[in-house]
Amino acid sequence: MTSETTRDACLRSFLALLAERPFARIALGDVAERCGVSLAEMRASFASTQDLLAAFFRSTDRHVLAEGGPDAEDFAGEGPKERLFEVLMRRLDALDPHKEAVRSLRRSARRDPLLALQLLRLSEGSQRWMLAQAGIDCTGLAGSLRAKGLAVLFVRVLDVWLDDEDPGLARTMAALDRELATGAKLLGMLDDMAYLAIPWRKRRASAEGRRDGSAAGEPAA
């Protein structure tokens, strides 16, 4: 295995274990054994299970960022709220192959305040990139506050998504639209807070097309 292949394989093994058991019950040796590598090989890429958790977030960030930002054709003519809606839905699409791992993390975080704080910090970092991808200022103190608020907002939407069995994610999209409509003004994310209609049919069709076309791929949080 190359170093990058080993890294990816370890992350996949970690996510598979996370789908089966709580985060606190996953040891580095468990990941190495599931992956079929030695601890020495694994140590070259990861120092702890917290490192693996952070890698999951970074992997998801890369997945979303690779789809193009505010200048992309998909965003043509759309306002800030619509762009942010699309970016966050893309993040949920990226998480879809790892839904059971995400569900396990949410359960663990409810029982472990330290883990919950760690996940919030990781989410804040990720949401800075999501704001940038949507063409919304994420610099300075204002950007930090926006990222923190968006991290909390996304967790609420994530809980709806985990229980949404509709392939079109109608409940999830409604929750995200509602959260953005009520929370964005407080976060100072958008200049125009008029309620914008979301093109749900178009979004649903494009999301289903992406899910059909990318069953496996890089692990993505």
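As the structure is a computational prediction, the values presented were derived from the model and not from experiment.
Remark: R156 pairs with E179 by the salt bridge (Lys or Arg N to Asp or Glu O under 4.0 Å) rule, at least two apart or across chains. Judged as a side chain to side chain contact (heavy atoms under 4.5 Å, CB included), and not counting sequence neighbours, the contacts of T172 are M89, L92, V157, V160, W161, D164, L169. The salt bridge (Lys or Arg N to Asp or Glu O under 4.0 Å) search around R128 returns none, not counting sequence neighbours. The side-chain hydrogen bond (donor to acceptor under 3.5 Å, both in side chains) check on T139 picks up D137, with sequence neighbours excluded. Scored by the salt bridge (Lys or Arg N to Asp or Glu O under 4.0 Å) test, E33 finds no partners at all (sequence neighbours excluded). Residues satisfying the salt bridge (Lys or Arg N to Asp or Glu O under 4.0 Å) test with D30, not counting sequence neighbours, are R21. Under the rule for a side chain to side chain contact (heavy atoms under 4.5 Å, CB included), the partners of A54 that lie at least two apart in sequence or sit in another chain are R58, L122. With sequence neighbours excluded, the residues forming a side chain to side chain contact (heavy atoms under 4.5 Å, CB included) with A47 are R43, D51, listed by chain and number.
In this structure, CE on M173 lies 5.5 Å from CZ on F85, to the nearest 0.5 angstrom. Between R83 atom CZ and L131 atom CG the span is 11.0 Å, to the nearest 0.5 Å. Between the CD atom of E20 and the OG atom of S104 there is a distance of 9.5 Å, given to the nearest 0.5 Å. Atoms CG and CZ, from L141 and R146 in turn, are 10.0 Å apart once rounded to the nearest 0.5 Å. Distance check: M130 CE to F154 CZ gives 9.0 Å after rounding to the nearest 0.5 Å. Interatomic distance, CZ of F46 versus CG of L11, reported as 5.5 Å (0.5 Å rounding).
Residues K99 and L162 meet the side-chain proximity criterion, which asks for heavy atoms closer than 4.5 Å. Residues R91 and Q127 form a side-chain contact, since some pair of their non-hydrogen atoms from C-beta on lies under 4.5 Å apart. Residues L105 and L53 form a side-chain contact, since some pair of their non-hydrogen atoms from C-beta on lies under 4.5 Å apart.
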Quiz item: After noting the C-alpha distance and the side-chain angles of E100 and L15, does the key distance pass the side-chain contact (heavy atoms from CB on, under 4.5 Å) rule?
Solution: CA-CA 9 Å; E100 292 311 308; L15 293 173; over 6 Å; no
Self-check item: side-chain contact (heavy atoms from CB on, under 4.5 Å) between L176 and L153, worked out
Solution: CA-CA 8 Å; L176 177 55; L153 181 156; 4.1 Å; yes
Practice problem: May I have the step-by-step check of side-chain contact (heavy atoms from CB on, under 4.5 Å) for K81 and D177, ending in yes or no? | Solution: CA-CA 9 Å; K81 179 189 172 199; D177 186 53; 3.0 Å; yes
Practice problem: For R106 and D159, run salt bridge (charged side-chain N to carboxylate O under 4.0 Å, His left out): C-alpha distance rounded to whole Å, both residues' side-chain angles, the deciding distance at 0.1 Å, then the answer. | Solution: CA-CA 8 Å; R106 290 292 294 133; D159 286 338; 2.9 Å; yes
Self-check item: Steps toward side-chain contact (heavy atoms from CB on, under 4.5 Å) verdict (C35, E41)
Solution: CA-CA 11 Å; C35 185; E41 290 175 291; over 6 Å; no
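Side-chain atoms of Q133 come within 3.5 Å of backbone N or O of L65 as a donor-acceptor pair. Proximity of a side-chain donor or acceptor of R7 to a complementary backbone N or O of S45 within less than 3.5 Å is detected. Between the R171 side chain and the D163 main chain, a donor and an acceptor come within less than 3.5 Å of each other.
In this structure, A94 and P97 approach most closely via the heavy-atom pair O-CD, 3.3 Å. Summarising the geometry of C138 relative to A132, their closest heavy-atom pair is SG-CB, 3.9 Å, with the distance given to 0.1 Å. Nearest heavy-atom pair, H63 versus E67, reported as atom, atom and distance to 0.1 Å: O-CG, 3.7 Å. Between L39 and A32, the shortest heavy-atom contact is CD2-CB, 4.0 Å.
Hydrophobic cluster membership for L120: V152 (Ile, Leu, Val, Met, Phe, Trp, Tyr linked by side-chain heavy atoms under 4.5 Å, directly or transitively).
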What pairs of donor and acceptor atoms, side-chain ones from residues 112-119 against any protein atom, are under 3.5 angstrom apart with sequence neighbours left out?
from	atom 1	to	atom 2	distance (Å)
D112	OD1	L114	N	3.1
D112	OD1	L115	N	3.2

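F56 is not connected to V155 by any chain of hydrophobic side-chain contacts under 4.5 Å among Ile, Leu, Val, Met, Phe, Trp and Tyr, and they are in different clusters.
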